[in-house]
Structures are given as C-alpha cells and as structure tokens.
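Structure record follows, encoded as structure tokens.
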Amino acid sequence: MLFKSRVELLEITLLRSLNARMSLSEKDVRNYTRLRKGFEGEQKSDQWLEGLSEEWLVIHDLLLEYNNSKFQIDTLLLSQDKVYPLDIKNFEGDYSAEGENWYTSAKKDMKNPVHQQNRCVILFRSLLRDLNCHYPLEPYLIFINPEFHLYITTINPSLVFHSQLNRFLKKLNARSVKLNKRHYKLAEQLVALHIVESPYPHLPAYDYDQLEKGILCPKCFSLFSEIHGSKLTCGHCGCTEEVESAVLRSVTELSLLFPDQKITTKIVLDWCRIVKSEKTIRRILGKHYMRLGCSVSSHYVPWNE
Ligand SMILES: [Zn+2]
C-alpha cells in the first residue's frame, strides 16, 4: 500500500520557471538538471514499485534528521520483519568501481554511492532505535536507468541494476507480508518526522522586473506564442491549452516565485502578457479566487485562506 507518495520538489518547479524566464548561470543550470534527472529516476522507480503486492507499506521521499545530521531516503519499504531503504540512482553511461573508489566514464572520481547510503543507514538505524523499533534494515541501491553500466569486479548484492529490476520485485513479492498496527504506527511516525525544507535559500537571486513575462507551455516550458479566442498554442511543441487553465497555472507560478506579491488583476495581466483582456483576467480570478476589497486596491486570495 502506498503510504506516502512523492511530489516534485518545489525547488525543481521554481528553477524550471526561472530557467524559462531568465538566463541562469551554468552552475544553476547544472543544479537544476541534476535535480530534475534525479526526480525523473525516482518517478520511474515509483512506477516500477507499483508492481509490489498491496501488503507492503511504501513510503516515498523522506527527509529525516538524527543528531543534527539530515539524511534522505528515496523510498522505504516496510514488511513484517524488515525495513528496506532504497536509494534510487538515475546515472547514465559507463561507470567503474575499483575497490572503494567509483569513477565516472571520464575517469573522474565521484562519491561512492555505497558509502553515502551507509551513512544514511547508520543514522536511520539510530533514529529507529529511538522510536523503539528494532527491525533489521536491508538497504538497496537501485540503478533505474537502462543506459547505465557499472564495470565492477566484485559482487555486491545490495546493488540492483536495471536488468535485475523484474527479478528483484519478484523476490520481494514472494516474501510473505502480514503487517499489524505497529507497522502502521511506525509509518505514521516517520512521515510525521519528514522535514519540508524551504527551497528559497537555494535559488539564484531574481526579481520581478528581470523575468520574461508570458505564459509557459506546460509541456515544453517555452512561452506560448499564439492566442485564438479562448485557446493558447505553443509555437515550439504545438501544445494547446484553454486560457482559463493557463492563467490559473501562471497565477500559481507567480505566487510561488513571489510569495509576498498580492494577486491583482493588474499584476496578472502583466505577468501573463499574451492575454490582453483585463475583463478576461478579472473574470477568471473572480471565478477561482476570493476578492478582498472593492476599490482599485482589491486583490485576490485562494478560497481557503
Ligand atoms: Zn510547448
């Protein structure tokens, strides 16, 4: 049973938007690409784990802390007598491992992912002990990308490669799993301990005036270039979208980028740019948001605020 699903990191959402609307430094682009690729790998892994029988408890994406050290568990599987932390890697290309050292295809040193996982397992074990849980841990590194190859001279059963995914799942499904209240309680405790980090300190500096205005295509993230009646068309990928849903998406994006910005007809008109009618913007905002104030200074807030 899926106990906690994965949502896209807000940092990825915001970097995608900034990448489309301003010129990011090479370092920021690299960071954005790394996060995006990691997330894509995790999504593929989540789909693969949908093949796990319903009895298992599946918790995706936990950021936990022990003794002031934070650690990430991409996916945690709970069975009746064991806990399986999975670390998902979306590496692509040829890598090699010689002893404790790992190298990229360009023969560059890289962090040994086994060491990284060991650190996480040590912290997680201590955390579980504090929660009075003593199930043994069986960690795995899952290499989800079919285009990944590791030249390795030793056998390490905790590494699972793309060609082994089916068999690995079969092996798990063959284990009998009967969970009780204690397992569900543990899952609840861990999810309650999950840390939600603010993405804002990690973002490059940006301000409203410097960002390109317009509505981003939801498929290829270039700016919509054509509007016909109530439909927008992307000149890049041909995708079309109703103006109403596109404006609402853009308002959400604006609020995420500028959490202190008041949502007014004027600012949304400027932000969306391609929609020229103030009446249309006012109608859409009036339909989906609550209007506060009635003069020129009125602004809109979500209904639940
Ligand atoms: Zn497009």
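Numbering of ligands and ligand atoms starts at 1, following listing order.
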With a cut-off of 6.0 Å (strictly less than), are more than 12 heavy atoms of other residues, nucleotides or ligands near CZ of Arg182? no
From the list Tyr103, Tyr151, Phe148, side-chain contact (heavy atoms from CB on, under 4.5 Å) with Tyr95 holds only for Phe148
The Zn ion (ligand 1) reached by His236 (N, O or S, under 2.8 Å): no
Cys220 backbone or side-chain N/O/S under 2.8 Å from the Zn ion (ligand 1): yes
So what does the Cys234 SG - the Zn ion (ligand 1) - Cys237 SG angle come to, to 10°? 110°
So, applying salt bridge (charged side-chain N to carboxylate O under 4.0 Å, His left out) with Glu40, which one of Arg36, Lys44, Lys37 is it? Arg36
Is the Tyr135 to His183 ring centre distance short of 6.0 Å? yes
